[in-house]
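For reference, the structure is listed below as structure tokens.
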Amino acid sequence: MNTTAKSDTVTTRDGVKIFYKDWGSGQPIVFSHGWPLSSDDWDAQMLFFLNRGFRVIAHDRRGHGRSSQTDQGHDADHYADDLAAVTEHLDLKDAVHVGHSTGGGEVARYLARHGQSRVAKAVLISSVPPIMVRTPGNPGGIPKEVFDGLQVQVASNRAQFFLDFAAGPFYGFNRPGAKVSEGVIRNWWRQGMMGSAKAHYDGIVAFSQTDFTPDLKKISVPTLVMHGDDDQVAPIAGSSLLTAKLVKNATLKVYTGFPHGMCTTQADTINNDLLAFIKS
């Protein structure tokens, strides 16, 4: 294993600096994080796969974490283009792309928009596609008023909202008998508050109103779709159950009782299933 830890930035065509981590050597696994977090949300996965001989890469989405706090481009196309900038800068080949939540939409748009020649496999975890918001074509979606309410909370008291969100539905800590981790809550809050209120405000529209259906239909690489059936943030019925039918080469894995943030709370299970899929 190459133990040299590397981290740096790449500048996009529109002048945004994207921070990324690039650790180890071997087949690359690229991680795309959820809203409103950063690449730090992948700590449990990065260390697990680094220690098993993989090269692990994760970036901070524009406006999130340590990337530029630009006021522009907080939409699925720019998210995908920024991911492409990282993969091209590092000249990644035979990569496995793993996206959580909003990151799943980012991966889907990246594969559809930039092609799959550099990609071996994809994994969508607790992901937002095909589309979250209720529309005439998506009657089972979540009412737009819910997402409007999230924007109000970001604009009025982001710090308290983030604390409540992490302590409640994100990790299922609001469920009876849940093992609540104060450290996990604080780390979620820390990641969120590192980012830009503008990016988080606009990001709500990006993750909720983008229709990823055409993107999913273009994906041809083997794809693992993972979702907890107690996801209170991106309910499985309107997301992964539909996604698995739209992606040609998809395998659906449903986890009984797992929350939205299962990569952290159930890291051992998720990591081992990811490893099995990558090696299969």
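Keep in mind that the numbers below use all heavy atoms, side chains included, and drop hydrogens, waters and symmetry copies. If you're wondering where the values come from, they're calculated on a predicted model, not measured in any experiment. Numbers for residues simply follow the sequence, beginning at 1.
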Checklist entry - Where do Arg118 and Asp91 come nearest, in terms of heavy atoms and distance? => result NH1-OD1, 3.1 Å

Next on the checklist: If we ignore hydrogens and angles and just use 3.5 Å, is the side chain of Thr213 paired with the main-chain N or O of Pro130 as donor and acceptor?
Outcome noted: no

Checklist entry - So, does Thr12 use its side chain to make a donor-acceptor pair with the main chain of Val16 at under 3.5 Å? => result yes

Item to check | Residue pair Asp231 / His227, side-chain donor-acceptor N/O under 3.5 Å | outcome: yes

Next on the checklist: To the closest 0.5 Å, what do you measure between CZ (Phe212) and NZ (Lys217)?
Outcome noted: 15.0 Å

Checklist entry - Tell me, do Asn138 and Val133 make a side-chain contact under 4.5 Å, heavy atoms counted? => result no

Checklist entry - Are Val98 and Phe48 connected in a single hydrophobic cluster, I mean Ile/Leu/Val/Met/Phe/Trp/Tyr linked by side-chain heavy atoms less than 4.5 Å apart? => result yes

Checklist entry - Can you tell me if Asp273 and Tyr255 form a side-chain donor-acceptor pair at under 3.5 Å? => result yes

Checklist entry - What is the distance from atom NZ of Lys253 to atom CZ of Phe277, rounded to the nearest 0.5 Å? => result 12.0 Å

Item to check | Sub-4.5 Å side-chain heavy-atom contact between Val128 and Trp35 | outcome: no

Checklist outcome for this item: d(Phe161 CZ, Ser156 OG) to nearest 0.5 Å is 9.0 Å

Next on the checklist: Working note: Lys93 + Ser117, criterion side-chain contact (heavy atoms from CB on, under 4.5 Å); need CA distance, chi angles, decisive distance, verdict.
Outcome noted: CA-CA 8 Å; Lys93 296 181 176 70; Ser117 61; over 6 Å; no

Next on the checklist: Donor-acceptor pair, distance only, cut-off 3.5 Å: does the side chain of Ser67 make one with the backbone of Gly63?
Outcome noted: no

Next on the checklist: Is there a path of hydrophobic side-chain contacts, each under 4.5 Å between heavy atoms of I/L/V/M/F/W/Y residues, joining Leu163 to Leu37?
Outcome noted: yes

Checklist entry - When hydrophobic residues are tied together by side-chain contacts of less than 4.5 Å, even through go-betweens, does Val180 share a cluster with Val184? => result yes

Next on the checklist: Could you check whether Asp81 pairs with Arg13 (Lys NZ or Arg NE/NH1/NH2 to Asp/Glu carboxylate O, under 4.0 Å)?
Outcome noted: no

Next on the checklist: If hydrophobic clusters are built by linking Ile, Leu, Val, Met, Phe, Trp and Tyr wherever their side-chain heavy atoms come under 4.5 Å apart, do Val123 and Leu275 end up in the same one?
Outcome noted: yes

Next on the checklist: Rounded at 0.5 Å granularity, tell me how far OG1 in Thr223 sits from CG in Leu246.
Outcome noted: 11.5 Å

Check residues 187-200 and write down every donor-acceptor pair under 3.5 Å in which the side-chain atom is one partner and the other belongs to a residue at least two apart or another chain.
unit_1 : atom_1 : unit_2 : atom_2 : d
Asn187 : OD1    : Arg190 : NE     : 2.9
Asn187 : OD1    : Arg190 : NH2    : 2.8
Trp189 : NE1    : Ala159 : O      : 2.9
Arg190 : NH1    : Asp40  : OD2    : 3.2
Arg190 : NH2    : Asp40  : OD2    : 3.0
Gln191 : OE1    : Ser38  : N      : 3.3
Gln191 : OE1    : Ser38  : OG     : 3.3
Gln191 : OE1    : Asp41  : N      : 3.0
Gln191 : NE2    : Asn187 : O      : 3.4
Ser196 : OG     : Lys198 : N      : 3.1
Ser196 : OG     : Ala199 : N      : 3.1
Lys198 : NZ     : Asp202 : OD1    : 3.4
Lys198 : NZ     : Asp202 : OD2    : 3.0
His200 : ND1    : Arg158 : NH1    : 3.1
His200 : ND1    : Ser196 : O      : 3.3
His200 : NE2    : Pro36  : O      : 3.2

Checklist entry - Are any of the side-chain heavy atoms of Thr102 and Tyr79 separated by less than 4.5 Å? => result yes

Next on the checklist: Please check: side-chain N/O of Arg55 versus main-chain N/O of Gln27, any donor-acceptor pairing under 3.5 Å?
Outcome noted: no

Checklist entry - Judged by atom type as modelled, is there a donor-acceptor pair below 3.5 Å linking the side chain of Ser240 to the main-chain atoms of Ile236? => result no

Checklist entry - Can you tell if the side chain of Ile29 reaches within under 4.5 Å of the side chain of Ile57, non-hydrogen atoms only? => result no

Checklist entry - Passes side-chain contact (heavy atoms from CB on, under 4.5 Å), Ile18 versus Val86? Steps please. => result CA-CA 8 Å; Ile18 301 294; Val86 173; 4.0 Å; yes

Checklist outcome for this item: For Trp42 and Ala58 the tightest heavy-atom approach is CD1-CB, 4.3 Å

Item to check | Lys245 atom NZ, neighbour heavy-atom count above 12 within 6.0 Å | outcome: no

Next on the checklist: Under the criterion side-chain contact (heavy atoms from CB on, under 4.5 Å), I'd like the reasoning laid out for Phe165 against Val233: C-alpha separation, chi angles, the key distance, then a yes or no.
Outcome noted: CA-CA 10 Å; Phe165 202 65; Val233 177; 3.9 Å; yes

Next on the checklist: For the OG1 atom of Thr243 and the CG atom of Leu216, what is their distance to the nearest 0.5 Å?
Outcome noted: 5.0 Å

Taking distance alone, no hydrogens or angles, what donor-acceptor pairs closer than 3.5 Å link side-chain atoms of residues 103-112 to residues at least two apart or in another chain?
unit_1 : atom_1 : unit_2 : atom_2 : d
Glu106 : OE1    : Arg61  : NE     : 2.8
Glu106 : OE1    : Arg61  : NH2    : 3.2
Glu106 : OE2    : Ser32  : OG     : 2.6
Glu106 : OE2    : His59  : NE2    : 3.2
Arg109 : NE     : Asp215 : OD1    : 2.9
Arg109 : NE     : Asp215 : OD2    : 3.1
Arg109 : NH1    : Asp77  : OD1    : 2.6
Arg109 : NH2    : Asp215 : OD2    : 3.1
Tyr110 : OH     : Thr87  : OG1    : 3.2

Item to check | Thr264/Tyr171 under side-chain contact (heavy atoms from CB on, under 4.5 Å): CA gap, chis, key distance, verdict | outcome: CA-CA 8 Å; Thr264 298; Tyr171 294 110; 3.8 Å; yes

Checklist entry - Any side-chain heavy-atom pair from Val221 and Asn249 closer than 4.5 angstrom? => result no

Checklist outcome for this item: Tightest non-hydrogen contact, residues Ser127 and Gly99, listed as OG-O, 3.4 Å

Item to check | Test item: Lys17 and Val10 side chains (from C-beta on) under 4.5 Å apart, heavy atoms | outcome: no

Item to check | Inter-residue atom distance Arg134.CZ - Ile142.CD1, 0.5 Å rounding | outcome: 9.0 Å

Checklist entry - His33 and His100: aromatic ring centres closer than 6.0 Å? => result no

Item to check | Residue pair Lys179 / Phe173: nearest heavy atoms and the distance that separates them | outcome: O-CE2, 3.3 Å

Checklist entry - Which atom pair, heavy atoms only, marks the closest approach of Leu274 to Gln45? => result CD1-CG, 4.4 Å

Item to check | Presence of salt bridge, Lys21 and Asp60, under 4.0 angstrom | outcome: no

Next on the checklist: Would Gln72 and Asp14 count as a side chain to side chain donor-acceptor pair (under 3.5 Å) here? Give the steps.
Outcome noted: CA-CA 9 Å; Gln72 300 292 321; Asp14 60 340; over 6 Å; no

Next on the checklist: Between Gln153 and Asn157, do the side chains contain a donor N or O and an acceptor N or O under 3.5 Å apart?
Outcome noted: no

Checklist entry - According to a 4.5 Å side-chain heavy-atom criterion applied to Ile, Leu, Val, Met, Phe, Trp and Tyr, with indirect links allowed, do Leu47 and Phe49 form part of one hydrophobic cluster? => result yes

Checklist entry - Phe31 versus Tyr20: any side-chain heavy-atom pair under 4.5 Å? => result no

Checklist entry - What closest approach, in Å, do Ala44 and Cys263 show between heavy atoms, and which atom pair accounts for it? => result CB-O, 4.3 Å

Checklist entry - Do Phe147 and Val205 have side-chain heavy atoms sitting under 4.5 Å apart? => result no

